[in-house]
Amino acid sequence: MAAPETSTAAVPSLYTNNALRNAFGGVLSFFILLLIGVMAFSIRLFSVIKYESVIHEFDPYFNYRVTQFLAKNGIYEFWNWFDDRTWYPLGRVIGGTVYPGLTLTAGTIWWLLNSLNIPLSVETVCVFTAPIFSALASWATFLLTKEVKGTGAGLTAAALLAMVPSYISRSVAGSYDNEAVAIFALIFTFYLYIKTLNTGSLFYATLNSIAYFYMVCSWGGYTFIINLIPMHVLLCIVTGRFSSRLYIAYAPLVVLGTLLAALVPVVGFNAVMTSEHFASFLVFIILHVVAFVYYIKGILSPKMFKVAVTLVVSVGLAVCCAVIAVLIALVASSPTKGWSGRSLSLLDPTYASKYIPIIASVSEHQPPTWPSYFMDINVLAFLVPAGIVACFSPLSDSSSFVVLYIATSVYFSGVMVRLMLVFAPAACITSGIALSQSFDVFTRSIKFQLPGISSNTEVDAAETSSATAEAQNDAVKTEKSEETSKNRPSKKSKKKEKEEKPSTKAKAEKRLIALPLDSSVISLLLLILLGAFYVVHCVWAAAEAYSAPSIVLTSHSHDGLHVFDDFREAYAWLRHNTDVDDKVASWWDYGYQTTAMANRTVIVDNNTWNNTHIATVGTAMSSPEKAAWEIFHSLDVKYVLVVFGGLVGYPSDDINKFLWMVRIGGGVFPHIKEPDYLRDGQYRIDSQATPTMLNCLMYKLSYYRFVETDGKGFDRVRQTEIGKKYFKLTHFEEVFTTHHWMVRIYKLKPPKNRIRGKTKKSKSKTSSASSRAKRSGMGKKNPWH
Amino acid sequence: MESPIRATRILGFIFFSLLFFVCRSAPSHNLLISNAERRIDLTSHIVKVYLTLKVENAGSTPTSEILLAFPPTQVDHLATVEALVTKGKRKKTTLVRLDVKPTELPDVPNGNKYFTIYLANPLSSGESTTLEVLYMFTHSLEPFPAEIGQSESQLVYYRDSALILSPYHIKQQTTFIKTPSTKVESFTRVEPTNRAGTEMKYGPYEDHPPYSFSPILIHFENNSPFPVVEELVREIEISHWGNLQVTEQYTLVHGGARHKGVFSRVDYQSRPTLSGASSLRQLLARLPPRVHSVYYRDEIGNISSSHLRMDSRKSELEIEPRYPLFGGWKATFVIGYGLPLQDFLFESSDDRRYLNFTFGCPLLETVVDKLTVKVVLPEGSKDPSAVVPFPVEQHLEAKYSYLDVVGRTVVVIEKKNLVPAHNSHFQVYYTFKPIFMLAEPLMLASAFFLFFVACVAYLHIDLSIRK
């Protein structure tokens, strides 16, 4: 709200002529939009200013690496890229398993700049992709809300979205993740859908399917679109709002959209095979049936129509039953009922924690807490209900879509923190509507009672009232569907709208509800205060909460700023001082970073596609040293990397993640049992810890020689002294530890030379089942050893 | 302009001397060295040798060429040779630098290589002069043992000859060798040999014929880190808008004894003097004064451990690599900074412009194996030529940067095996018309103008098919 307010304050009373005023309003809203874009971009630069221009966190490093590959080798190589530096020894087909939208976007930007001889590095382009796309997203929000409730609401919603903390958290400069472009694509697809719905233009319908294609390219969240739009279509049909515009808005989207979506390798035949997409086809059929019925109704007399209905219903029911039976049989034959794990955990929030610990172990897949709502959307949480109410007066096709959008996204955000991102635009749109409508009411009542007291408020009032006028206009338009369907958004139609305005405005003034002056002034002030609070909170969130790149940590102490750059220290060490083909084992969180920053082959990474492989690493980490050595050796691992926060108090280290390793490992290899690591159900590493815990590899690698730092071995994260202080490593040796001990790298000791007589003895001695199998397997392969 | 004349004079002189002397290596027999003193400094990993020669012309004809001989093993590591001669009497002595050039001579014993010192005034018969020769070797200390653990100290071998290798007869000579500490494991004795503290004295030896050689081997402790820049690319970009942007890409390696086995941070942090004594913790770069926007980063982002100290005469950038470098460990990084253009760009008398900048590596006590200096001239500059005080390889390239159309001329200068003594100034001359500075702003302006015209045109054309 801040942007429009400040801009209107600068405007002198210039509205002698209506046309001039409209032109002026157009220019003004253009500049407001420009400023909103600048603000959306610049509020995300805190991370660059406070830290540096660097890629953040985990997934962005993978995207960055893919973009580098794309920039270096071109698009065809990219589609065929088989990455052998990850998931060793399996590898990963990157071209077929990645959503290419983000990388293609950034790659195109990079290519364009470089062909103009602007030598920006791939990294710089990647860092600034997200802020650029958030500016675009706020413009898309403007367009969408403008279609729903007019320019005023559009500008307000755009300004709100430009700085909503939830979206900032995923799109600060450097956060080079799919969501950054996907949110823009999502909003823009919705806008084009609404636009098509309002105009009935095939041109927009085609654009809509292209936007949907872009969304499919960018993010797995496209299933939200392909389920939400059918739901809305169904809603329209059920509430008797079927029109040819609805048909044009939906049918091309399903046909073209599905065809286009199937072009994306990662989706492919999933676009027609998985249950996520069935709703859209079902609605597609229903839409056709309804359209047919309307058509029949139009050409038949009412009596004949009744006969036809009974006929069709009886035949149709039989066919439907058959089809549904086949479908159910097909779906039921697959174990996950045709749904992917992540989608299932959306429908059944307890699904993941029951069956898939990997999905449950990711913090962003947890359900959010109430404070996180306040943190992420702040005052919007209070404005949303008002916005929903505003959407109902009057309820149009487009406003019903907004209501449906917010209702579903509230549910999804309640299941997964990550989907708060989908909820945020909906919240911004409804809050924008709410704010704009209430401003409209208050300023109008002030203007009504105090004519000409201050030109300032009048302009404001006039502007917002014109906004409602447009909204009214929309409502009128929807009533006269036949007329508007022909109405193309050319300059001529715009002119017509302008001509219509005075009349509708007069209508609006007639049904004006004047509030008491003082109460409206006070409410206005309170609303501005609310907006100011929101702005302050957003700037704080952008500057403090969400700008940390998480590979560099800082802490303020009495003697100034302290920088913990241990991750990059370790990765740089690996990059320069190990052999280029060495394999590094670590927990999967650090896989993407290791491949991108250290350029070394990893065993598992954040793409978690192979549960067994991750479980193998988890098992090795939770096994005693010797068994772990055997597992790692069989995977050809040379270095093991662990993250340890005990010295400086970095809480998200491997010891704190260790139970997930045990759980995931135990899920596949049953000899790892979670209770073995817990003392009376409690996870502890002090002297009360279980011997299994104190002897597992993760404990040993984390705390090796830790006691020598302070003499006691006090762990600052767990706030306790460690249980086992003095021990030696027999199968691993420390090769590097970073300055603050946050990353420790160990090398596997080379296998001992076998003495001919001793092999048989050691074979019979081996303790763990897996290692025995391996030994004997090796024995078979090399009988002369 | 002077050098061709001098070259012809020298050529003429050589011709003249060839005519007169039947034997080709005759000049060497005419000269003799009455006294030679050599001081070898082994305190850092760059071996510095200061040689004081008193040369006497025992022949009958004046000569102005004095040969220095190096064994083939040493000449590969030889980074620089300088010769100075003292001029003036007693108190008003000034040192004058002399020309030194590598020389190929036929049928030399043992494949020795020669450098010729050209005296400014020919040494006439019976006269004598005193020369100060300074030369430096890189990679001449061989770590032994070649691999050490974290707590061991670094021991190195130094190989040389107790007698100065020379094509001339040397009447008397002494060699002093300075080691960094008193810890010397062993050294070859060539009597008379003395050792006191950190200094060893070989000699004095009397009357040794040409090409006398007596190998010595010194095994001593040298715990100073051996920072070696394997490759350094310095890009100096001239912008006539007032800035000189320097970007230096380093590939640094610790050239000492290779690190073996574990690296324990707890030992390294708790006993910094004992553990990792020869590790490379930090480096000091001496940058020009008035430096601005300095950055220090590598391919994965900024490196936060650096300090910049500035005063009016120089700027010092203290940098730490991301991790301490042990023997054999590598690191790459980039240092970049901007400088005010007026400090380095001047106009020469013939209406050309020239850049005057230091050549070598700004890091102190560092050996550079391969240096590439790229001077990026502004777009539209012509006739580039570089003047470097020592032999280098040169070629031209083109670089496209910010909206360039024809590309910028890049003068590429390459040199191998550099020591800090190479940090002298070099010049790049070129012609440039200031009107070219406006090309890019005008291009942008016209592009935007065309864009707006297109917008206006689009808004005034009705493209719809319907009437």
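Per chain, numbering begins at 1; letters A, B, ... match sequence-line order.
Rounding to the nearest 0.5 angstrom, the gap separating the OH atom in B:Y400 from the CD1 atom in A:I118 is 15.5 Å. To the nearest 0.5 Å, atoms CZ (B:R265) and CZ (A:R744) are separated by 10.5 Å. Atom CZ in B:R297 sits 7.0 Å away from atom OG in A:S53 (nearest 0.5 Å).
Counting only heavy atoms from C-beta outward, the side chains of B:F263 and A:K747 never approach each other to under 4.5 Å. With a 4.5 Å cut-off on side-chain heavy atoms, B:V262 and A:V735 do not count as touching. Side-chain contact between B:I303 and A:E569: absent, with no pair of heavy atoms (C-beta onward) separated by less than 4.5 Å. You'll find the side chain of B:Y268 stays beyond 4.5 Å of the side chain of A:T737, heavy atoms only.
If you measure heavy-atom distances from A:R575 to chain B, the contacts under 4.5 Å come from the side chain alone.
We find that B:R271 and A:E708 are not joined by a salt bridge, their nearest charged nitrogen and carboxylate oxygen being 4.0 Å or further apart. Between A:E733 and B:K260 no salt bridge is recorded (no basic side-chain N to carboxylate O distance below 4.0 Å).
Panel note: side chain A:E52, backbone B:N302; a donor-acceptor pair is recorded below 3.5 Å. Panel note: side chain A:N577, backbone B:K330; a donor-acceptor pair is recorded below 3.5 Å.
Top candidate by heavy-atom pairs under 4.5 Å with chain B, chosen from A:M597, A:E123, A:R568, A:E734, is A:R568.
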Distance-only criterion, 3.5 Å: show the donor-acceptor pairs between side-chain atoms of residues 250-257 of chain B and protein atoms not counting sequence neighbours.
| unit_1 | atom_1 | unit_2 | atom_2 | d |
| --- | --- | --- | --- | --- |
| B:Y250 | OH | B:E248 | OE1 | 2.7 |
| B:H254 | ND1 | B:G256 | N | 3.0 |
| B:H254 | NE2 | B:S278 | O | 2.6 |

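The aromatic rings of A:W573 and B:W329 stand perpendicular to each other, their planes meeting at an angle above 60°, with 30° marking the opposite boundary.
Remark: the A:R705 side chain and the B:S264 side chain contain an N/O donor-acceptor pair separated by less than 3.5 Å.
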